[in-house]
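Some notes on the structure that comes next.
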Amino acid sequence: MSQAGRSGQLGSNDEIVELHLRRVMASWGLVADVGFADLLLVRPTGNGDWKVMGQVRPTTGQTLYPDDLVGSTITSAERPLLVDASLSGHAQEANVYALGSGQAARTVAIPVRISDSQQVNDQRVEQPIAILLREEAMETGRRRGQLERTYLGIFDRLAAMISAGLFPFDEAFDPRDAPRVGDGVALLDADQRIRYLSPNATSALHRLGVQVNVDGRTLADIGLDGSVAADAWTRRHPVNSEIEHLAAPSTVVVVHCIPLLSDERSVTGAVLLLRDVSDIRRRDRMLHSKDATIREVHHRVKNNLQTISALLRMQGRRLESEEAKQAIEESVRRIRSIALVHETLSQEFRELVPFDDLIRPLMRIVEEGLQGDDRPVRFSVVGDAGSLPAEIATPLAVVVVELLQNAVEHAYPARTGGDVAITFAHRATTLLVTVRDHGSGFPEGFSLSTTRSLGLTIVRTLISSELGGVIATHNDGGAVVELRIPLTKTA
């Protein structure tokens, strides 16, 4: 099946070409590193020139081009081998001058192709879709060491895969998660046996407890998990794995196995990239432990608040004054609304509260305390509050309970009922909250600054002091309370 058929989205080779070129530029850090050279991705402009579409510098050597060349034009006179590589479909090499200077350089022009299996059957692309230039300063009088010779051999094999459309691999491969060449390289042959280890790769294996001579042995032979190589051979696709030291689990090495292909079905070897991530995993475990501790704190705070609520209820049942009992019940409702936030935080891995999940429980608190058969009040919610930081969600939960309670008490006296709606909307970095009822509305001359209502006083204080927001009231077929809450803190 073609790539278009697999993705269900790509309907033409033009789209496939663009996707393939993006993959090249996402994956070519490895190629630049083993080639010890700058890479330039160029495409013809239609008038005989070539435009630089992308550029990457090696981490293993000095760059030839410290300036950004993306978007610049290369003439065919500057790089005549571009035309030769494009027409022949084979890599071309030449001694040239570095672009923009008179420094002697060596360049290789590698045709970039799409494999037959990726193309739309009725729109074949036979010619290369771009050229990859490898450019390095010429060196004289220095003999390359074994590491350089091995890396350059890997470069040649990757270049052949690029020319055949076999590299880079499909979109399921994310090279950002892989180790880099500088972390450590092992070269496997067609039988999955180790033929070369870089010094950093040797150190990584030593940390895993491998002290034996590894030349000619498989990963399984030296006591490591060989499935990473076996999976890469079977899938003909890069495979990631983590290997822990059996005697010291705190030592962890990430292994990234990249198969080297001669065609779409034949694996001739593989490149293993190894990175010691023991310190990273140790920090991850510390963060996980810290996160678990924070969640446990929220859980205990919730339990303590529930205990306080139970004690207040016991105290309320011993009181004879109806006014005192009502004050106790109001305090219990406020404490329960705060406890709901801490209960949510005790179950989350982030310090964000999905406030939409709290609305119904907050309404239930009001329903349980104030509603009965003689007061059928219906609540409704419009819009989404989203996920809010704990420092916003906690006071807002108390505010919501107070406003709903106030609406029920004052809009609908005993033996009457109606609707109360709460609406959430986002405007840039501001959360808008509106609570509306269809009762008698606010009395004439009502002012938040002079009200004797404890609930509205609490709301005003929390909105203005704790949340740095604005509260407004008016009548519109009933009482309307509007809140504007900034979601970003101001200095």
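Count residues from 1 along the sequence. Just so we're clear, the structure is a prediction, and the values are computed from it rather than from any experiment.
Ring orientation note: the planes of Tyr151 and Phe36 are close to parallel, at an angle under 30° on the 30°/60° scale. Using cut-offs of 30° and 60° on the angle between ring planes, the pair Phe169 and Phe167 is perpendicular.
Using a 4.5 Å cut-off on side-chain heavy atoms (C-beta onward), Ile463 and Val470 make no contact. When side chains are defined from C-beta on, Phe442 does not count as touching Thr451, because their heavy atoms never get closer than 4.5 Å. Taking the side chain as every heavy atom from C-beta outward, Val398 and Glu466 never approach each other to under 4.5 Å. Leu319 places a side-chain heavy atom less than 4.5 Å from the side chain of Gln315. Proximity of Leu188 to Ile194: side-chain heavy atoms (C-beta onward) are separated by under 4.5 Å at one or more points. Between Thr430 and Leu432, some side-chain heavy-atom pair lies under the 4.5 Å cut-off. Side-chain contact between His20 and Pro168: present, with at least one pair of heavy atoms (C-beta onward) separated by less than 4.5 Å. Using a 4.5 Å cut-off on side-chain heavy atoms (C-beta onward), Val254 and Asp183 make no contact.
Counting only distance, with no hydrogens or angles, the side chain of Arg134 and the backbone of Ala32 share no donor-acceptor pair below 3.5 Å. The backbone N or O of Leu260 lies less than 3.5 Å from no partner atom in the side chain of Arg157, so there is not a single donor-acceptor pair. Without hydrogens or angle criteria, Trp233 side chain to Ala230 main chain gives no donor-acceptor distance under 3.5 Å. No donor-acceptor distance shorter than 3.5 angstrom exists from the side chain of Asn406 to the backbone of Glu402, with no hydrogens or angles considered.
Separating the OG1 atom in Thr63 from the CG atom in Asp38 is a distance of 3.0 Å, to the nearest 0.5 Å. Remark: Leu403 CG to Ile471 CD1 distance equals 6.0 Å, nearest 0.5 Å. Atoms CD1 and CD1, on Ile129 and Ile16 in that order, are 10.0 Å from each other to the nearest 0.5 Å. In this structure, Glu244 CD and Asp225 CG are separated by 11.5 Å, a value rounded to the nearest 0.5 Å. Considering OG of Ser72 and CG of Leu40, their distance stands at 7.5 Å, rounded to 0.5 Å. Atom CG of Leu483 is separated from atom OG1 of Thr473 by 10.5 Å, given to the nearest 0.5 angstrom.
A side-chain donor-acceptor contact under 3.5 Å links Thr218 and Asp221.
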**OP:** I would like to know whether Asn200 and Ser198 meet side chain to side chain donor-acceptor pair (under 3.5 Å); could you show each step before the answer?
**Re:** CA-CA 6 Å; Asn200 284 345; Ser198 71; 5.8 Å; no

**OP:** Go through Arg436 and Asp476 one step at a time and tell me if the side-chain contact (heavy atoms from CB on, under 4.5 Å) criterion holds.
**Re:** CA-CA 9 Å; Arg436 177 188 299 268; Asp476 183 9; 3.4 Å; yes

Original post:
How far apart are the C-alpha atoms of Val382 and Thr434, what are their side-chain angles, what is the distance that settles it, and do they pass the side-chain contact (heavy atoms from CB on, under 4.5 Å) test?
Top reply: CA-CA 10 Å; Val382 179; Thr434 303; over 6 Å; no

**OP:** Begin with the C-alpha distance, continue with both residues' side-chain angles, and end with the deciding distance and a verdict on side-chain contact (heavy atoms from CB on, under 4.5 Å) for Glu18 and Asp14.
**Re:** CA-CA 6 Å; Glu18 294 302 321; Asp14 289 340; 5.8 Å; no

**OP:** Check step by step if side-chain contact (heavy atoms from CB on, under 4.5 Å) holds for His426 and Leu431.
**Re:** CA-CA 5 Å; His426 288 265; Leu431 175 64; 3.7 Å; yes

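Atom CD of Gln211 has more than 12 neighbouring heavy atoms from other residues, nucleotides or ligands inside a 6.0 Å radius. Counted within 6.0 Å of CZ on Arg236, heavy atoms from surrounding residues, nucleotides or ligands total more than 12; the atom is thus considered enclosed.
Nearest heavy atom pair, residue Leu166 against residue Glu264, reads CD2-CG, 3.4 Å. Smallest separation of non-hydrogen atoms from Arg57 and Asp68: NH2-N, 3.9 Å. For Arg180 against Asp33, the heavy-atom pair with the smallest separation is NH2-OD2, 2.7 Å. Ala407 and Asp437 make their closest contact through CB-OD2, 3.9 Å (heavy atoms, listed as atom of the first residue, atom of the second, distance). Shown here for Gly226 and Leu219, the closest heavy-atom pair between the two residues is CA-CB, 4.0 Å. Taking each heavy atom of Ala390 and Val353 in turn, the nearest pair found is CA-CG2, 4.3 Å.
Not counting sequence neighbours, the partners of Ser449 by the side chain to side chain donor-acceptor pair (under 3.5 Å) test are Ser447.
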